[in-house]
Amino acid sequence: HVSVSLARIAAGYLMGAVPALLLGLVLGLSRLARAFANPIIFALYPVPKVAILPLIMLIFGLGEMSKYVIIAIAVFFLVLVNTTAGVVLMDRIYFDVARNFNASRRDFYLHVVLRGALPPIFTGMKLAMGVALIVLVTAEFVGARTGLGVLIYESWQVFAIERLFVGLVVMSFLGYVLSLLIDELERLLVPRLGDRR
């Protein structure tokens, strides 16, 4: 159950976080793009992800892809909003310095924009991981044969309270461990934060 749920989390998280990160950098740098995209983003974000699960399953079927997609959607908005905010809130002096030193487009995006926005990005990634776990359990309630969500749901159906609590505790432990992994990645990529802790 744990290995299946972890595989779903990994696939869905990457599918949602990577495009959200790239799009967030673009929106953060372009006021015109933000003006166009923000109404769409903030109109779609409040829609409960559980409510669109039947639609996702109708499009992608009952297999693994529907679970990946619903997790990706849940992750996408949190990472996107935090990435965009991180870029927008950066001190403009960094952009001026990069231009004065004739930084290439690659260096500008990787070493100035991305590095400067990393703290808010990691905040979004941590929030997204918690939401991904919640959505995962819900997705596994329907159309899955294995996974922690299945364990919890089947235990509830037959009133196997001990197994139900095992599923809940394991899910909580996974959330804690995954949060620690993101913290460690943040410490490696943003060393100055490690000095403050």
Side-chain angles (χ1 to χ4, degrees), residues 1-27 33-34 36-85 121-179 181-182:
H1 289 302
V2 171
S3 61
V4 170
S5 290
L6 280 176
R8 288 171 180 154
I9 279 285
Y13 195 90
L14 287 174
M15 285 172 59
V18 172
L21 181 62
L22 298 175
L23 182 59
L25 295 177
V26 173
L27 294 181
R34 279 199 311 278
F36 173 76
N38 275 351
I40 300 171
I41 293 167
F42 291 108
L44 294 177
Y45 174 64
V47 175
K49 309 309 174 277
V50 177
I52 62 171
L53 182 57
L55 178 61
I56 297 297
M57 294 175 73
L58 185 65
I59 297 171
F60 295 97
L62 297 175
E64 295 299 303
M65 184 54 69
S66 61
K67 294 162 186 61
Y68 300 159
V69 170
I70 196 67
I71 293 169
I73 291 171
V75 167
F76 177 82
F77 289 101
L78 285 167
V79 176
L80 174 64
V81 170
N82 278 274
T83 301
T84 304
I121 288 172
F122 275 105
T123 300
M125 289 174 65
K126 289 177 204 171
L127 293 170
M129 181 58 72
V131 171
L133 286 167
I134 295 168
V135 171
L136 168 71
V137 172
T138 307
E140 287 179 340
F141 280 179
V142 184
R145 296 182 179 178
T146 53
L148 287 170
V150 174
L151 174 66
I152 293 169
Y153 184 70
E154 289 181 348
S155 301
W156 169 74
Q157 280 190 316
V158 297
F159 294 100
I161 303 303
E162 295 87 354
R163 290 187 61 187
L164 188 148
F165 273 104
V166 167
L168 293 175
V169 169
V170 171
M171 184 62 71
S172 176
F173 179 73
L174 278 183
Y176 175 68
V177 170
L178 292 172
S179 177
L181 290 175
I182 295 176

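Residue numbers start at 1 and run along the sequence shown.
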Donor-acceptor pair, side chain of [X] and main chain of [Y], under 3.5 angstrom:
X	Y	value
Ser155	Leu151	yes
Arg34	Leu27	yes
Lys67	Leu62	yes
His1	Leu148	no
Thr138	Val50	no
Ser172	Leu168	no

* Please collect all salt bridge (charged side-chain N to carboxylate O under 4.0 Å, His left out) contacts where either partner lies in residues 76-85, sequence neighbours excluded, each pair once. =>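 Listed once each, the pairs would be none.
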
* Lys49 vs Phe77 side-chain heavy atoms within contact, under 4.5 Å ->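 SC-SC contact between Lys49 and Phe77 confirmed.
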
* Asked: Can you pull the side chain to side chain donor-acceptor pair (under 3.5 Å) pairs that have at least one residue in residues 140-152, sequence neighbours excluded?
  ->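 Qualifying pairs, neighbours excluded: Ser5-Glu140, Arg8-Glu140.
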
* Under the ring pair (Phe, Tyr, Trp, His ring centres under 6.0 Å) test, residues paired with Tyr153 that sit two or more places apart ->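 Residues passing ring pair (Phe, Tyr, Trp, His ring centres under 6.0 Å) with Tyr153: Phe141, Trp156.
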
* Shortest non-hydrogen contact from Tyr13 to Lys126? ->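 In this case the closest contact between Tyr13 and Lys126 is OH-N, 4.5 Å.
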
* Over all heavy atoms of both residues, which pair between Leu14 and Pro19 is shortest? Give the atoms and the distance, please. =>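 The pair with the smallest heavy-atom distance is O-CD, 3.9 Å.
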
